[in-house]
Amino acid sequence: MEYTFYDFLALLGSLALFLYGMKIMSEGLQKFAGDRLRSILTAMTTNRVTGVLTGMLITALIQSSSATTVMVVSFVNAGLLTLSQSIGVIMGANIGTTVTAWIISALGFKVDISLFSLPLLAFGIPLLFSQKSSRKSVGEFIFGFSFLFMGLNLLKTNAPDLSANPDMLAFVQNYTDMGFISVLLFVFIGTILTMIVQASAATMAITLIMCANGWISFELGAALVLGENIGTTITANLAALTANTQARRAAMAHLMFNIFGVIWVLILFKPFLSMVDWIISDFMNISEADGVAVSFKLSAFHTCFNVCNVLILIWFVKLIEKTVCKLIPQKEQEEEYRLQFITGGMLSTAELSVLQARKEINLFAERIQRMFRMVRDLLHTENENDFNKLFSRIEKYENISDNMEVEIANYLNQVSEGRLSSESKLQIREMLREVTEIESIGDSCYNLARTINRKRRGNIDFTEKQYEHIHQMFALTDNALMQMIKLVEDVHHIVDVNKSFNLENEINNYRNQLKNQNIVDVNNKEYSYQMGIHYMDIIGECEKLGDYVVNVVEAHSDVKEKKA
């Protein structure tokens with residue numbers, strides 16, 4: 001049967017369904033799980049070993065390392081797992097996937113999770129139409145999960161059918177006697193096959209058939225298995241195409257991990273095979289009859305390869321993380337919503353946790369200033385496309401600041417339950433106030449951006465004089481923010497608080513002056529009444545922003561005075 005263009009489109013369609021499932025699943029997870037799933041996962045991946053065990057268990061249960069790594073990539077995309085945690089889980093997934101080969105060897109079947117996809121959709125649909133947002137998100141997650149597996153299943157079905165007619169592969173026998181070149185060739189064939197079929201378990205089945213039929217030796221079967229380990233990483237990399245930088249890094253870590261493993265096993269190929277041979281023939285005492293031993297040997301090779309690889313690389317998680325960060329740099333456009341200093345779980349002492357929260361607040365303040373500077377740029381962005389991009393980026397920052405406020409506040413509340421000195425308790429109270437006020441600054445920045453957007457949609461522009469005044473106001477506000485950041489980060493109490501209060505007075509006076517001037521200008525028909533509204537909205541919002549800045553400064557200096 002020849003492979004038609006229709007089959008090719010069907011293959012692309014299956015891939016589309018898979019990617020769409022991945023996207024919905026990730027979004028549903030983000031909405032529903034938020035804090036709970038993050039805390040469960042963080043608990044499960046507190047260190048490398050538990051991370052590896054988690055990956056192993058999940059993969060052994062759902063019978064697909066692709067699905068596990070795709071889920072991990074979507075967790076990283078949702079900001080639920082850090083990069084280094086995900087590397088541990090992916091390592092575990094590689095060991096878990098070897099269970100399938102043992103099942104095929106022993107029982108000759110594979111549990112097909114896609115059979116549950118349609119019944120799962122039946123459960124998902126009432127949830128999807130539910131009024132309650134958390135139920136709706138669970139429904140989305142179930143839909144995504146089902147689509148993901150339907151897509152995976154369709155990918156296998158629509159892939160060129162190799163397992164049904166292994167005779168197609170009989171031609172490979174011509175290339176089996178070229179020594180080490182054959183081995184490399186078969187690693188390559190294994191990689192390509194798994195990329196096409198999209199499931200290492202399926203290629204594993206083909207390999208077991210070929211070895212059991214005696215078409216290829218155990219040695220070349222092992223080479224195919226190595227190739228499959230590289231090929232299987234393509235699924236996660238496909239899933240990461242639509243994801244953010246961190247998720248792409250996680251998928252890249254998977255690829256690096258497997259390629260490194262294949263390289264060292266190829267260097268020690270003969271001794272490694274002898275070890276596996278010994279395990280099966282002497283240790284487990286399985287006879288060579290019926291070609292069964294070969295399939296057991298392959299399964300053992302697969303397991304040993306992945307276990308040894310994990311045992312070696314588990315010590316280099318930090319190095320892998322650094323390498324993928326170098327290979328895939330952070331895009332400037334993409335601001336990760338992740339707390340950098342506060343991770344899951346508390347530090348051993350509550351006092352140290354206060355310090356971490358302090359650093360997080362400093363970072364929060366810097367992000368807010370970056371947001372304000374984007375608003376300043378927005379005022380002068382002429383190009384429609386650039387304007388929309390910048391506006392949506394400010395919107396994203398607004399969401400980030402909301403999330404950061406909640407996360408830091410929750411963390412501080414947790415810390416305050418610990419044993420703390422009375423000074424630290426006071427400090428926490430003031431820090432909570434700071435966080436709320438910094439978040440309000442974010443709201444103000446977003447309001448400014450919306451006003452600029454409304455003005456732009458109205459197709460009218462400010463006069464030269466108005467622009468001058470707005471610039472002057474923006475400069476004052478930016479100075480106030482800079483002064484606030486200096487104060488917030490000031491450990492040695494050398495920054496003068498009065499400077500902030502003086503700036504606040506300047507902003508207030510300037511606002512009052514412009515307010516009176518505006519009434520005169522509108523009466524003199526220098527610009528329309530509508531334009532005056534936009535103009536005063538911007539000036540007024542800046543003044544509000546200045547108030548929030550002073551509130552942060554006051555909260556911060558209260559702590560210092562009490563300490564002093």
Side-chain angles (χ1 to χ4, degrees), residues 48 52 55-56 59 65-66 69 72 83-84 86-98 101 172 175-176 178-196 200 203-204 207 211 216-238 240 248-279 297-328:
R48 295 164 196 186
V52 169
M56 231 166 90
T59 312
S65 65
S66 304
T69 46
V72 169
L83 187 56
S84 56
S86 71
I87 294 172
V89 181
I90 287 172
M91 285 179 175
N94 273 356
I95 299 178
T97 191
T98 63
V172 297
Y175 302 102
T176 52
M178 289 160 18
F180 199 64
I181 295 175
S182 288
V183 173
L184 293 177
L185 182 71
F186 272 68
V187 170
F188 182 68
I189 293 174
T191 305
I192 300 298
L193 268 181
T194 313
M195 278 184 182
I196 297 171
S200 54
T203 8
M204 191 71 198
T207 311
C211 279
I216 56 173
S217 62
F218 164 51
E219 194 175 89
L220 294 179
L224 274 178
V225 171
L226 290 180
E228 282 152 24
N229 275 292
I230 298 176
T232 191
T233 62
I234 191 75
T235 323
N237 279 293
L238 281 172
R248 282 206 302 280
R249 285 171 177 170
M252 179 58 125
H254 188 201
L255 178 65
M256 273 178 54
F257 172 79
N258 283 9
I259 287 179
F260 176 80
V262 168
I263 290 170
W264 74 256
V265 170
L266 281 176
I267 294 169
L268 301 172
F269 199 53
K270 290 277 191 289
F272 199 80
L273 289 185
S274 314
M275 181 188 84
V276 174
D277 218 339
W278 174 81
I279 290 176
K297 271 185 200 168
L298 273 181
S299 306
F301 172 77
H302 195 191
T303 307
C304 290
F305 161 67
N306 279 308
V307 171
C308 293
N309 205 15
V310 168
L311 289 176
I312 292 170
L313 288 178
I314 198 164
W315 310 107
F316 299 108
V317 170
K318 285 278 174 279
L319 183 69
I320 296 174
E321 192 180 356
K322 274 187 191 146
T323 316
V324 288
C325 290
K326 280 239 164 54
L327 288 173
I328 304 178

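Start at 1 with the first residue, then count along the sequence. Only this structure's heavy atoms are used, side chains among them; waters, hydrogens and symmetry mates stay out.
Every pair passing salt bridge (Lys or Arg N to Asp or Glu O under 4.0 Å) that includes a residue from residues 261-275 is listed here, sequence neighbours excluded: Glu219-Lys270. Residue pairs meeting the salt bridge (Lys or Arg N to Asp or Glu O under 4.0 Å) criterion with at least one partner in residues 254-267, sequence neighbours excluded, are absent.
The line from CD1 of Ile230 to NE2 of His254 is 11.0 Å long, rounded to the nearest 0.5 Å. Distance check, rounded to the nearest 0.5 Å: CD1 of Ile87 to CE of Met252 gives 12.0 Å. The structure places CD1 of Ile189 at 11.5 Å from CD of Glu228, a figure rounded to the nearest 0.5 Å.
Counting only heavy atoms from C-beta outward, the side chains of Leu226 and Phe301 approach each other to under 4.5 Å.
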Could you pull out every donor-acceptor pair under 3.5 Å between side chains of residues 312-327 and any protein atom, sequence neighbours left out?
from, atom 1, to, atom 2, distance (Å)
Trp315, NE1, Leu311, O, 3.0
Thr323, OG1, Leu319, O, 2.6

Distance-only donor-acceptor pairs under 3.5 Å for side chains of residues 257-265, two or more places apart:
from, atom 1, to, atom 2, distance (Å)
Asn258, OD1, Asn94, ND2, 2.5
Asn258, ND2, Asn229, O, 2.5
Trp264, NE1, Asn309, OD1, 3.1

